[in-house]
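Basis for what follows: all heavy atoms, side chains included, without hydrogens, waters or symmetry-related copies. Just so you know, ligand 1 is whichever comes first in the structure, and atom 1 is the first atom listed for that ligand. Nothing here was measured: the structure is a model prediction, and the numbers come from that model. Start at 1 with the first residue, then count along the sequence.
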Amino acid sequence: MRLKDKYISIRNKPEAILATNFYNFETLRAEMEAASQLKKPLILQLTQSSIDYMGLENAVSMGKSALKYYGVEGWIHLDHGGSVELVKKCIEAGFDSVMFDGSELPLEQNIELTREVVKMAAKSDICVEAELGFIAKLGQSSENTEHTTAEEAKTFAEETKVDALAIAIGTAHGFYKKEPKLNLTRLAEIKAATDIALVLHGGSGVPHEAVKKAVQLGIKKLNVATEIKNAFMMTLKNLLSNNEEIDLRKVFPPAIQVVKELVEGKLMLV
Ligand code: 13P
């Protein structure tokens with residue numbers, strides 16, 4: 001099923017799809033084992049940095065063959081595409097879904113470029129996500145930021161015809177300095193005003209109860225990245241201190257297991 005049809009199929013249900021970023025074979029394997037074990041669908045996300053690290057065609061084929069191998073319903077998605085050129089390359093490489101992130105551009109330009117991407121993606125019949133409002137990226141401050149309004153989201157959705165929209169309701173990328181407070185009232189207003197799939201970015205570190213409420217109120221895609229990197233690297237660091245093992249096939253599995261358990265926990269929230 002195309003991702004856009006999947007979003008439509010869960011539109012009126014209190015359900016969402018988890019979207020996890022993968023960085024290498026090991027994190028991909030952990031995510032696939034979790035989704036396969038819980039028989040849940042999964043969106044596999046790649047950022048520009050991960051594409052640069054693994055190679056575009058290589059990363060896509062890794063993701064696609066893993067979905068097939070593990071029998072998981074899933075899609076390959078470009079996370080935070082920063083240019084129309086990158087989006088074009090990803091569409092040509094076989095992505096099922098692309099995000100164009102024009103959230104830091106003036107609104108008119110965000111709308112114009114998102115429309116261009118929607119037109120381009122329609123030719124390959126794939127899904128488009130955009131971002132409206134400020135969701136702090138790594139290293140940016142999330143203090144005193146304004147939240148997306150229902151009116152803005154409605155206008156943006158009508159003008160661009162995107163399938164999915166990342167909204168600013170109190171989350172930020174990376175770890176939080178203090179517990180995030182989600183603007184659930186605003187989420188409910190945006191849900192009532194639009195019929196597109198609403199996306200919660202910055203899923204790492206959001207308390208599980210808050211995520212569950214957000215899903216009940218209309219979030220259809222939950223993004224998690226930082227916790228995955230952190231779980232993998234912290235486990236490896238601990239394993240490698242005072243350890244002479246050089247067989248990486250013995251060193252990686254405990255870190256894969258920790259990421260698998262983390263992803264299972266997130267899958268249970270959606
Ligand atoms: P975190 O890294 O905070 O989990 O955010 C992930 C995300 O939103 C990717 O777009």
Side-chain angles (χ1 to χ4, degrees), residues 3 16-24 27-28 30-31 34 42-53 59 63 74-83 86-87 90 95-104 114 117 127-143 145 147-148 162-182 187 197-208 210-212 214-215 219-234 258-259 261-267 269-270:
L3 181 55
I17 308 169
L18 181 67
T20 52
N21 291 57
F22 74 98
Y23 307 92
N24 56 8
T27 46
L28 176 62
E31 292 162 13
L42 192 68
I43 296 170
L44 289 173
Q45 309 204 121
L46 289 161
T47 56
Q48 168 91 64
S49 321
S50 298
I51 289 170
D52 291 346
Y53 178 62
W75 304 268
I76 312 296
H77 171 79
L78 169 66
D79 189 25
H80 292 285
S83 69
L86 175 63
V87 168
C90 291
F95 278 56
D96 304 294
S97 174
V98 287
M99 176 188 190
F100 173 71
D101 179 0
S103 61
E104 289 176 276
T114 303
V117 165
C127 205
V128 177
E129 177 180 327
E131 180 169 323
L132 180 64
F134 180 75
I135 309 170
K137 296 188 168 58
L138 287 178
Q140 291 178 331
S141 163
S142 56
E143 301 273 308
T145 53
H147 295 162
T148 311
V162 281
D163 305 287
L165 184 65
I167 49 171
I169 54 165
T171 56
H173 295 90
F175 282 128
Y176 296 91
K177 291 200 179 83
K178 58 178 191 244
E179 194 178 292
K181 285 252 169 303
L182 301 197
L187 168 59
L198 301 177
V199 184
L200 192 68
H201 277 243
S204 293
V206 179
H208 284 187
V211 172
K212 280 195 208 162
V215 171
I219 286 295
K220 295 292 156 205
K221 174 172 179 268
L222 168 69
N223 283 14
V224 177
T226 300
E227 279 189 76
I228 293 170
K229 281 189 279 192
N230 183 65
F232 187 73
M233 293 307 293
M234 289 304 150
V258 172
V259 175
E261 286 165 18
L262 168 81
V263 174
E264 282 175 353
K266 303 293 179 190
L267 279 167
L269 305 174
V270 297

Note: ligand 1 atoms sitting under 4.0 Å from heavy atoms of V224 are 4 (O)
Is any side-chain heavy atom of I135 closer than 4.5 Å to one of H173?
yes
In this structure, atom 4 (O) of ligand 1 is nearest to the protein heavy atom S204 OG, 2.6 Å
Side chains of L78 and I51: does their closest heavy-atom pair fall under 4.5 Å?
yes
Could you tell me the residue and atom name of the protein heavy atom closest to atom 2 (O) of ligand 1, and the distance to it rounded to 0.1 Å?
T226 OG1, 2.5 Å
Any side-chain heavy-atom pair of M99 and Q45 under 4.5 Å
no
Closer than 4.0 Å to some heavy atom of A225 - which atoms of ligand 1 meet that?
1 (P), 2 (O), 4 (O), 6 (C)
Yes or no: does H173 have any heavy atom under 4.0 Å from an atom of ligand 1?
yes
Please examine the side chains of N230 and L262, heavy atoms only from C-beta on, and report whether any two atoms are closer than 4.5 Å.
no
Between D52 and S49, is any side-chain donor less than 3.5 angstrom from a side-chain acceptor?
no
What do we get for H80 next to ligand 1 when only non-hydrogen atoms under 4.0 Å count, side chain, backbone, both or neither?
side chain
Who gets closest to atom 10 (O) of ligand 1 by heavy atom: L222, D79, N21?
D79
Pairwise side-chain contact, I43 with E129, heavy-atom cut-off 4.5 Å (strictly under):
no
Please report whether ligand 1 has a polar contact with G174, defined as an N or O pair separated by less than 3.5 Å (distance criterion only).
yes
So among L132, T114, V128, T148, which one has a side chain to side chain contact (heavy atoms under 4.5 Å, CB included) with L165?
L132
When you measure from atom 8 (O) of ligand 1 to every protein heavy atom, which one gives the shortest distance, and what is it?
G202 N, 2.8 Å
